[in-house]
Asks: 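Right, I'll just put the structure down here and ask away after.
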Amino acid sequence: MRVLKWPKDHYRSYQTDLTVRRRPSMEVPLPLFIVHHQHSHESCPARDPAKGAVLLNHLSRPNAARHGVLIKGEAVAQGSHSLFVIAEAADEAILRAFLAPLLQIGDVEVMPAMTCAAMVSSGGCAEYPLDVSAEALDPADACQDAVEAGLLLHSINPLNGETSVPDLAGGAVMPNGRFYLRNHFDIPVLGGDTYRLSIGGLVERPLKLSMRELHNLHAETQVVTLECAGNGRSLFDPAVPGEAWGLGAVSTAEWTGVRLMEVLERAGLRAGASEVTFRGADSGVIVGHDAPVRFERGLSVDQIRETDVLLAYDMNGEPLSPLHGYPLRLIVPGWYAVASVKWLTEIIVTDQPCDAYYQAEKYWYHWVRNGHDEHAQVKLMNVRALISSPGEGESLSRGDTAIRGVAWSGTGPISRVDVSLNGSPWREARLVGEQRRSAWQWWEFITRLEETGPLTVRARATDMTGRTQPEHAEWNRLGYGNNSIHAVAARVI
Ligand SMILES: Nc1nc2c(c(=O)[nH]1)N[C@H]1C(S)=C(S)[C@@H](COP(=O)(O)O)O[C@H]1N2
Ligand SMILES: [Mo]
């Protein structure tokens, strides 16, 4: 595997959305060191204000930078005459040269170091899927950005992280940096200029489209909610294997791109063309499979016609970040997000249903009903409401309070959300903002809290087709589609 640094201006969204500050000089991070300096009580420069000032000037960040040293933090352990500095420098010699004034008054120890993200992401090699894709994003960088954006990480290799449910509150869409991440393999780095989307198989005119050509086609923008089929998996009882998602593996963005049908029509479907396979650039080794497995999914031509599938290149007005599928991904509105293939490189039109690993072996419900095994493919998102405010364990003041959240469904727009407080009868919440076919709906319930004490808030969504949420979603072996009614335990003070 070749590990790549992604130019940091591609992370603009993380910075503007979340005011994560990065120095431009960090585009190529330098080696990191921890310095420990120790001097005696007698030689302590702080005892002499003039000497102290000279040393402070020397250790100032601008002066350090002039010496090729980037100081990231420094502190003196109280009463110990012991100074610690965390700094970056091209090599240890440069750092030691800069630290010469400290050597005159005491000892200097320089320890090579790494960030926590780099440490964690380089560990666990035995579990690490052997890479077969050419180039991958540096997992430490990707992980660092996700942590700084406030995602709760579930795994580093591959990188998986969810949004905290209170963080779902805010605008109609999520800031890109806070959008949950679900990856099965290393994150491939594709070059925007050399990238081509190939469309082949049962078509009249096989195509290879550059990003420029795709941008020249009619652009369409849709606000679409993506939810991982495993969202809420950790709440199934008994526990099921797989990524232990809480409730934050869901987000909404405004996606811009080209309608898939338009591209398929340009290629021209040949007689018998009924199925389409979508191939991502990522792959890895799966236990029990000899050859590396590619991330591939399929849809039938009928499903594509019904669904207004998008080939998206922009997310909230910015080019997709490498984490979310740069330069092109599929967006399949209404479906659990596994259908929305990232880093899409090939579209293959066939007359056979896709039998890829993530189509045929994973993403199936396996239920046990009346002692019989039953199964069905995971497709449209189940109807569901989440309470974003109050958060779990939050204290609310007595008096007027707004309870808020989001609700969505893959089978139709949300028609109502009901709220119950401490087991009271369901009362209808107000739906806020525009109603969209494939994006979550904000809702709000204003109430007056009269009594202090524990407060259990529950919210239940219903969609236009009349589907609503069960008290407890039906358990299934791989833990998909958990849309049990969300309950939050808060307190009135
Ligand atoms: N190529 C590729 N596409 C993929 C995946 C993947 O691992 N590889 N994961 C899928 C799953 S299971 C989900 S939930 C969504 C997550 O999209 P996000 O990381 O942009 O939130 O991408 C889907 N598309
Ligand atoms: Mo997923």
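Note that ligands are numbered from 1 as they come in the structure, with each ligand's atoms numbered from 1 the same way.
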Asks: Would you please test Ser251 and Thr163 for side chain to side chain contact (heavy atoms under 4.5 Å, CB included) and show each step?
Replies: CA-CA 8 Å; Ser251 286; Thr163 316; 3.8 Å; yes

Asks: Tell me if the centroids of the rings in Phe185 and Phe295 come within less than 6.0 Å of each other.
Replies: no

Asks: Any salt bridge (charged side-chain N to carboxylate O under 4.0 Å, His left out) involving residues 470-480? Give me the pairs, sequence neighbours left out, ordered by first then second residue.
Replies: Arg369-Glu474, Arg458-Glu471

Asks: Which side-chain N or O atoms in residues 439-446 pair as donor and acceptor under 3.5 Å with protein atoms at least two apart or in another chain?
Replies:
unit_1	atom_1	unit_2	atom_2	d
Trp440	NE1	Ala172	O	3.1
Trp440	NE1	Thr252	OG1	3.4
Gln441	NE2	Val432	O	3.0
Trp442	NE1	Gly171	O	3.4
Trp443	NE1	Val406	O	3.1
Glu444	OE1	Arg430	NH2	3.0
Glu444	OE2	Arg404	NE	3.0
Glu444	OE2	Arg404	NH2	3.1

Asks: Heavy atoms under 4.0 Å from ligand 1: which residues qualify?
Replies: Phe179, Tyr180, Leu181, Arg182, Asn183, His184, Cys228, Asp282, Phe295, His324, Arg329, Ala337, Val338, Ser340, Val341, Lys342, Trp343, Tyr363

Asks: Which residue pairs satisfy the salt bridge (charged side-chain N to carboxylate O under 4.0 Å, His left out) criterion with at least one member in residues 195-217, sequence neighbours excluded?
Replies: none

Asks: Which atom names give the shortest non-hydrogen contact between Asn231 and Leu247, and what distance separates them?
Replies: OD1-C, 3.0 Å

